[in-house]
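Count residues from 1 along the sequence.
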Amino acid sequence: MSVTNLKLEPQAAPKSSAQVIALGHTARPGIDSRLSLLVAQSVANLLPLLVTLTVFTLVWQIICSSPESSLPAPTRVFEESWELIAHPFYTGQGVDQGLFWHVLASLQRVALGYAMAAAVGIALGVLVGQSALAMRGLDPIFQVLRTVPPLAWLPLSLAAFQDGTPSAIFVIFITAIWPIIINTAVGIRNIPQDYQNVARVLRLNGLEYFAKIMLPAAAPYIFTGLRIGIGLSWLAIVAAEMLIGGVGIGFFIWDAWNSSLISDIIVALIYVGIVGFLLDRLIALIGRAITRGTASA
């Protein structure tokens, strides 16, 4: 073959930097569309909440704007409690602290009481759910004790511990433990028979059965009890701190009432509600992560 018969293919001209950037933008339509969809979904989820809050605030403002109203309007709350809102990290003497430190003190008590309730409650729930004898012996006692109001335990705990902080922790413990026990026991009893048959075929020992079969199967029920327990714990600590005193969001609310600071009480209640919501979502997210989405969030 001669050289003259060879055909040279034309080569594309090198692209300029502007062309390369333009191609990069056109190569990412999927990313941009997903980002736009995410923004649209976020707006769609937040818009009803913002509208509801706006309407609620307007109604509150209209109802409480009258001079005869015993409750302050939102504008008055901001005027009277601005220092409290603007300086949550204020540190003073004794109980004269910012709201952050009151909430933190309450959360520390809740963390201790709730952690003990989770550990003991799951253990007792497994025992009651696994053993028919334990079920007959313990379940009636649990059903009776769980109907006792949380604050009814406070005088007994004060008599036993002679101190406010351990008494409050005990009230949290005794309040949160019952839903954890009951839901754990229900989860253990509802383990499918097929799972138990597989364990027998694989000849799993007691520890292996507990770790690989029992806990994963009962985890959605357990986390349901844990979510109920954390909500009850937060309710109990606010009520208990009104009686035991010291630094804590419950005592702050009661002290504000004694000082006729209604606006401060409203601000504190907003803090209580937000923190309670965040605690519930935290347990729900942990449950979804551990159970791989089988626990409701």
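Here the rule is side chain to side chain contact (heavy atoms under 4.5 Å, CB included) with Pro179, and of Thr184, Ile228, Thr224 only Ile228 fits it.
For the atom pair CD1 of Ile213 and CD1 of Ile188, the computed distance is 11.5 Å after rounding to the nearest 0.5 Å. One distance of note links CG of Leu49 with CG of Leu53; it measures 4.5 Å at 0.5 Å rounding. Taken from CG in Leu226 to CD1 in Ile283, the straight-line distance is 6.5 Å, to the nearest 0.5 Å. Here the CG-CD1 distance, from Asn258 to Ile253, works out to 12.5 Å after rounding to the nearest 0.5 Å. Between the CG atom of Leu107 and the OG atom of Ser233 there is a distance of 11.0 Å, given to the nearest 0.5 Å. To the nearest 0.5 Å, the span separating CZ on Phe173 from OH on Tyr114 amounts to 13.0 Å.
You'll find the side chain of Tyr90 stays beyond 4.5 Å of the side chain of Gln97, heavy atoms only. Contact of the Phe223 side chain with the Asn183 side chain is not registered, since no non-hydrogen atoms from C-beta on lie closer than 4.5 Å. Looking at Ile177 and Phe142, their side chains never come closer than 4.5 Å, going by heavy atoms from C-beta outward. Within the 4.5 Å cutoff, the side chain of Phe210 has heavy atoms near those of the Val126 side chain. A heavy-atom distance below 4.5 Å is found between the side chains of Asp264 and Phe252.
Trp254 CH2: 12 or fewer foreign heavy atoms inside a 6.0 Å radius. Residue-environment remark: CZ (Phe78) stays at or below the threshold of 12 foreign heavy atoms within 6.0 Å. Enclosure of atom CZ in Phe161 by more than 12 non-hydrogen atoms of other residues, nucleotides or ligands within 6.0 angstrom is indicated.
Note on Ile169 and Ile230: separate hydrophobic clusters, where clusters join Ile, Leu, Val, Met, Phe, Trp and Tyr whose side-chain heavy atoms are under 4.5 Å apart, directly or indirectly.
Taking both residues in full, the closest heavy atoms of Met135 and Pro140 are given as O-CD, 3.7 Å, listed atom of the first, atom of the second, then distance. Minimum heavy-atom separation, Ala168 to Arg109: CB-CD, 4.2 Å. Counting all heavy atoms, side chain and backbone alike, Pro88 lies closest to Ile85 at CD-O, 3.6 Å. Here the shortest heavy-atom pairing between Pro72 and Val77 reads CG-CG2, 3.8 Å. Annotation for Ile182 and Gln143: closest pair CD1-NE2, 4.0 Å, computed over non-hydrogen atoms. Smallest separation of non-hydrogen atoms from Ile141 and Gly137: CD1-O, 3.6 Å.
At distances below 3.5 Å, not a single donor-acceptor pair connects side-chain atoms of Ser69 with backbone N or O atoms of Ser65. Judged by distance alone, the side chain of Ser66 and the main-chain N or O of Glu68 form a donor-acceptor pair under 3.5 Å. A distance-only check finds no donor-acceptor pair linking the side chain of Ser81 to the backbone of Leu84 [under 3.5 Å]. With Trp178 contributing its side chain and Gly121 its backbone, the two residues share no donor-acceptor pair below 3.5 Å. No donor-acceptor pair closer than 3.5 Å links the side chain of Ser106 to the backbone N or O of Gly248. Between the side chain of Trp153 and the main chain of Thr175, no donor-acceptor pair closer than 3.5 Å is present. Without hydrogens or angle criteria, Gln61 side chain to Ala73 main chain gives no donor-acceptor distance under 3.5 Å. The backbone N or O of Gln41 sits less than 3.5 Å from a side-chain atom of Asn45, completing a donor-acceptor pair. Put simply, the side chain of Ser259 never gets that close to the backbone of Ala256: no donor and acceptor are under 3.5 Å apart.
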Going through the checks in order, is the side chain to side chain contact (heavy atoms under 4.5 Å, CB included) test met by Leu154 and Ile244?
-> CA-CA 9 Å; Leu154 188 57; Ile244 65 172; 4.0 Å; yes
